[in-house]
Amino acid sequence: MTGVLTRLKGGLVVSCQPVPGGPMDRPEIVAAMAAAALAGGASGVRIEGMANLRATRAATSAPIIALIKHDLTGSPVRITPFAHDVRDLADAGADLVAVDATDRARPEALADLAAAVRAAGVLGMADCASEADGLRARDLGFAILGTTLSGYTEATATAGDGPDLNLVARFRQLGGFVMAEGRFHTPEAAAAAIRAGADAVTVGTALTRLEVMTGWFCDAVTDPRG
Ligand SMILES: CC(=O)N[C@H](C=O)[C@@H](O)[C@H](O)[C@H](O)COP(=O)(O)O
């Protein structure tokens, strides 16, 4: 296992992705969120966008999993769809670059993104929705298989409100480094991911999207009987 994976193993990654356009969507706030997460014991952070990556890289030497989201016409793929994004993120100091590894219409082939990851000298994280995605990504050399996109593709839209622990367990069988990610909203759910075979767990919304968390509490207060 490479140094950065060893640093992430057995730990928590905090995804510092504010609500787009919200009051916290500023690079200095993202960097502060990352610093706070690391001070709280996180072993790494997940950061979206070049400005946020630059601000965070300047503030820490901890492992950063970076990505760039695009809203494309003609493709549902949002997470790092282009090889030039991979190069830009690597140049700005990402340790790992996350890419959408689902089997959907995309502007550039997954194999080309894998090659860009290799050429840039970083590690790749495959954001997957299914076991088949994980298999393909593993064979293309991605270092981390993540359950990130389970529940967010047409084929997996019925996955439910909770995290996909079954996919975590199936990725464990495939080998490699398994990242549990997506709807791990409580410490109990994160612990369940490790028990299911995850090497690390990424938590975003429940730690860094204040508007969403506030909404959960508001709903509970205004409708206390659920
Ligand atoms: C589906 C998608 O685009 N996921 C994104 C990936 O970077 C983020 O919006 C999520 O917040 C992240 O994966 C962490 O998950 P959660 O916020 O559920 O803890």
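Atom set for the values below is all heavy atoms of this structure, side chains included, hydrogens, waters and symmetry mates excluded. Just follow the structure's listing: the first ligand is 1, and inside any ligand the first atom is 1.
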With side chain to side chain contact (heavy atoms under 4.5 Å, CB included) as the test, would you mind laying out the steps for Arg78 and Asp100 before giving the verdict? CA-CA 7 Å; Arg78 298 184 71 217; Asp100 180 311; 5.9 Å; no
Please evaluate residues Asp133 and Thr153 with respect to the criterion side chain to side chain contact (heavy atoms under 4.5 Å, CB included), reporting the C-alpha separation (whole Å), side-chain torsions for both, the decisive distance (0.1 Å), and the verdict. CA-CA 12 Å; Asp133 295 344; Thr153 63; 5.9 Å; no
Apply side chain to side chain contact (heavy atoms under 4.5 Å, CB included) to Glu181 and Met125, showing your working. CA-CA 12 Å; Glu181 176 166 348; Met125 172 168 172; 3.3 Å; yes
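Between the side chain of Thr208 and the backbone N or O of Ser15 there is at least one donor-acceptor pair closer than 3.5 Å. Of the possible donor and acceptor atoms, none in the side chain of Arg136 sits under 3.5 Å from a partner among the backbone N and O of Leu110.
For residues 72-128, the set of pairs meeting the ring pair (Phe, Tyr, Trp, His ring centres under 6.0 Å) definition, not counting sequence neighbours, comprises His70-Phe82, Phe82-His84.
Nearest non-hydrogen protein atom to atom 5 (C) of ligand 1 is Lys69 NZ, 3.5 Å. Protein heavy atom nearest atom 14 (C) of ligand 1, with residue, atom name and distance: Glu181 OE2, 3.6 Å. Counting protein heavy atoms only, atom 17 (O) of ligand 1 is closest to Thr205 OG1, 2.4 Å. Of the protein's non-hydrogen atoms, the one nearest atom 6 (C) of ligand 1 is Arg46 NH2, 3.3 Å. Atom 19 (O) of ligand 1 has as its closest protein heavy atom Gly204 N, 2.9 Å.
Atoms of ligand 1 lying under 4.0 Å from at least one heavy atom of Leu149, given by number and element, are 1 (C).
For the ligand labelled ligand 1, residue Ala206 lies outside the 4.0 Å heavy-atom shell. Between Glu48 and ligand 1 there is no heavy-atom distance shorter than 4.0 Å.
At a heavy-atom distance under 4.0 Å, no atom of Asp127 approaches ligand 1.
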